[in-house]
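See structure below.
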Amino acid sequence: MLTIHGRNLVGGQFRPALSEKRIDLVSPSSGRLIGSIPASEKRDIDAAVSAARAAVEGGTWSRQTAVERGRLLTALGALVSKHADKLAQIESLDTGKPLRQARQDIELTARYFEFYGGGADKFGGETLPYLNDFNIQLWREPLGVTGHIIPWNYPSQILARTLAPSLAMGNATVLKPAEDACLTPIHLSELAVEAGFPDGSINVVTGSGDVAGASLASHVGIDFLSFTGSPETGASVAAAAASNRIACALELGGKSPQIVFEDADLESAYPVLVQAIIQNAGQTCSAGSRILVQSSVYDLVVEELGRRFAELEAGPHDLDLDLGPLISHKQKTRVLGYLELADQSTMVAQGNIVSDAPPDGFYVRPTLLGPIDGDSRLAQEEIFGPVLICTPFSDESEAVRLANGTDYGLVAGVWTSDGSRQLRMAKALNCGQVFINCFGAGGGVELPFGGVGKSGHGREKGMIALHTYSRLKTVVQFHGH
Ligand code: NDP
């Protein structure tokens, strides 16, 4: 079995934590040891922030043109594609996700670097009409040093999603990955050095959330914080950022509904409804974790989904089944706790864990529940596992009330063949993205993404992320008559 002992990247140097302490890593598929990472502390974060500061204040990085930054990002994307097989193997081993899915994730990782590589020299300021005799320019400037705290569910993709636009705008970055999924971030940091990123432009420091993560979030030396994770930790890092008077982008998950009307093309909808919760074993911020079904077709839809759920198979990442294990024992316990809340009469169907799955892996059977009351905890809280709940609705206004009836608002899916209703629903839904007769739309590197309410704020992905990672300076020039 592959074992990996990772290092931090600080100021262009690969090194262990200053304390030399390490954290063991286990495979979610087997519960067995697969390597270790530096258990970094505040002083490691201090060193990384200082290196990033030096990079943006006089270092080689600060002198790169937009074209050169774009070329570096494009080169990194090409290296990710070149090493896609190895990266996918590592991502799959470290997170437990089926190899097929890890390959898609690595492809998207490369795509983020390509996209922002192409965007770096195509995004600039503006001029404004104003009083006669004045020339008004709006400049787009980098923020300085940006901090990035990412979760374990899509480590490579989220790293690329958050670092690439920041680097495109000329910021220097310090990233803390989740201790449960550090291996691809560590490998990507090695590829970044190979691509030629100057010292200090990218720093990757591993360690626990409450030590390394909290040190980064509260660091006086950062100018912006990007966080993806739980609403609870999101609130604590946002408070730390606020105490230093810096802005942050928070992407905090969701309880995203897919709304199925009686006139929907159900045969097209079924595979998408299942995949939207099964992908990554339901550990996806934008998972379609609730299905609202019009009462007239509720029994039909739930029966067919039940048939499909009963055929699903969970097992070790390298068997490449429908889904792998959850990331950790903690997450497995959490999801099983939610299943205990369900009344037995609402259990529609469960898939299987294959018999040769190691007993110490973190497997949970994919589960379909319904009908579930819209006010219950199962319908209100993010379960973050392969659990899909179904709730009937009678008409459009009840569908909107149920869909908007949680504290979250990240993504929604609408299934109907009525074009006017498609737009009415898109307008009424309180969330950051609406998918009509589709869901997820192939990764969507180009599509602005972010939530409302408990799902967080700020937008990443697409060209809009270049706004997120830059600031506007208004320059007023009096040029006379
Ligand atoms: P967290 O929000 O705690 O973890 C996300 C990131 O924050 C990780 O890098 C973590 O580090 C870090 N972190 C943890 N505590 C702190 C802190 N005090 N200061 C700064 N950084 C910190 O999520 P969990 O892993 O505990 O997962 C719990 C739930 O969160 C899930 O069940 C799911 O509902 C939600 N979640 C949502 C995600 C999304 O994509 N929106 C992704 C992951 C989880 P470390 O892991 O090393 O401790």
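Predicted model only: the values in this text are computed from it and were never measured. No hydrogens, no waters, no symmetry mates; every other heavy atom, side chains included, goes into these values. For this chain, numbers begin at 1 and follow the sequence in order.
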I'd like to check the salt bridge (charged side-chain N to carboxylate O under 4.0 Å, His left out) partners of R7; sequence neighbours left out, ordered by chain and number. none
State yes or no: are the ring centers of W152 and F362 separated by less than 6.0 Å? no
Could you tell me if the ring centre of H148 sits under 6.0 Å from that of F227? no
Could K97 and Y154 be counted as a cation-pi pair, given that NZ or CZ must be under 6.0 Å from the ring centre and within 45° of the axis? yes
With side chains defined as the heavy atoms from C-beta onward, is the minimum distance between S36 and I23 less than 4.5 Å? no
So L87 and L188, do their side chains get closer than 4.5 Å, heavy atoms only? yes
Not counting sequence neighbours, list each pair that qualifies as a salt bridge (charged side-chain N to carboxylate O under 4.0 Å, His left out) and has a residue in residues 65-87. D85-R103
No-hydrogen, no-angle side-chain donor-acceptor test under 3.5 Å, R140 and H467: yes
Distance alone, cut at 3.5 Å: any donor-acceptor contact between the side chains of Q279 and T284? no
Is any NZ, NE, NH1 or NH2 atom of the basic residue among E446 and R111 found under 4.0 Å from an Asp or Glu carboxylate oxygen of the other? yes
Can you label the angle between the Y116 ring and the Y112 ring as parallel, tilted or perpendicular, going by 30° and 60°? parallel
Residue set satisfying ring pair (Phe, Tyr, Trp, His ring centres under 6.0 Å) with H219, at least two apart, ordered chain then number -> none
Quick one: which of R53, R245, R471 gives a salt bridge (charged side-chain N to carboxylate O under 4.0 Å, His left out) with D223? R53
side-chain contact (heavy atoms from CB on, under 4.5 Å) test vs L369 passes for just one of L388, L341, V387, T391, namely V387
